[in-house]
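Note that ligands are numbered from 1 as they come in the structure, with each ligand's atoms numbered from 1 the same way.
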Amino acid sequence: MKEYKYFLIDIADYVATVTINNPKALNALSSPVVEEMISVIEELSAMTDEVRCVVITGAGEKSFVAGADIKEMYEMDPAQGKAYGILGSKAFQMIENMPQPVIAAVNGFALGGGCELAMACDIRIAADTASFAQPECGLGIIPGFAGTQRMARLCGKGFAKMMIYTCNRIKADEALAVGLVQKVVPLEELLPTAKKMASKIASNSPNAVKLAKSAINQGYEMDFVSGNLYESNLFGLCFANSDQVEGMGAFVNKGKATFTGKPLPKK
Ligand code: DAK
């Protein structure tokens, strides 16, 4: 992989651990950080043979991501604001659509764009020290990296409105109660827990996991019947991949499946 100024990347046993490394600004997402993030996602998305699951976290013990860079935004004119919004939204959509699942290991503040980044990931695991907020309305803006959309979809409109209108910060246990995160663990157990979950995902068929991600993400935006049809089409595609033969063959022959995610040769 390329060398990055703001990202540390470790790849082992099919799991890529990506650490956002801008600790002086509590890992705030300045434009250079977001530009690098896009490049990191592009690289990892193309590495499906080596990477089957991604864990994303923040450097240090205090902050996952403290939001978009307020000092940078303070100086922006409308055109620059728009360009920044497009850049950030592109990065988050790329995370949502990358072939591998992404687990956010939320190690501290997940504020504004930080909470939005976590919501763009497939699964969120929080340290018990983590906190979440959308403070934008207190800064004269609204969430701009799809926070209004993803929070309402993940936790319901009432919760999203309460969080966004009040700018109140909530703790990890409250985030768990509303489904904003899926698990809360002590800080020292955060990365081991996230990596263990990532390894479990990586042990399954990468083709099936990729298609399941697409079925859930795309189908969620459709009416039920269309989503069900979309799922059926992807289900059919499973049978064009060696993982289906491997997985079912292992069951039939009482063995253990070793998945590659490779397509079957065309008949
Ligand atoms: N941006 C820039 N720098 C930040 C930052 C941020 N979001 N958060 C913290 N820092 C910097 C601080 O300025 C400080 O730097 P120095 O002053 O030492 O140079 C350093 O990080 C340490 O922070 P503190 O000294 O403040 O540390 P504390 O422990 O006292 O407080 C805190 C931690 C996280 C509670 C506090 O730093 C804080 O309230 N930070 C701001 C959190 C926040 O409001 N975040 C939301 C940002 S708004 C858009 C799309 C999306 C967005 C915007 C536009 N478009 C469509 C255009 C998203 C907006 C947001 O995310």
Could you report the tightest heavy-atom contact between Ser63 and Leu26, atom names first, then the distance?
OG-O, 2.8 Å
Scan side-chain atoms only and decide if Thr193 and Lys183 contain a donor-acceptor pair under the 3.5 Å cut-off.
no
State plainly whether the residues Arg153 and Glu221 are in salt-bridge range, i.e. N to O under 4.0 Å.
yes
If you link I, L, V, M, F, W and Y whenever their side-chain heavy atoms are under 4.5 Å apart, who else ends up in the same group as Phe239?
Phe235
CD/Glu61: more than 12 non-hydrogen atoms of other groups inside 6.0 Å
no
At less than 3.5 Å, what protein N or O atoms come close to the N or O atoms of ligand 1? Include the distances to 0.1 Å.
from, atom 1, to, atom 2, distance (Å)
ligand 1, 1 (N), Ala68, O, 3.4
ligand 1, 1 (N), Ile70, N, 3.0
ligand 1, 7 (N), Ala66, O, 3.0
ligand 1, 7 (N), Ala68, O, 2.9
ligand 1, 13 (O), Lys71, NZ, 3.0
ligand 1, 15 (O), Lys71, NZ, 3.2
ligand 1, 19 (O), Lys71, NZ, 3.1
ligand 1, 21 (O), Lys24, O, 3.3
ligand 1, 29 (O), Lys62, NZ, 2.6
ligand 1, 45 (N), Ala66, O, 2.8
ligand 1, 61 (O), Ala68, N, 2.7
ligand 1, 61 (O), Gly113, N, 2.8

Taken to the nearest 0.5 Å, the spacing of Met162 CE from Asn168 CG works out to 7.5 Å
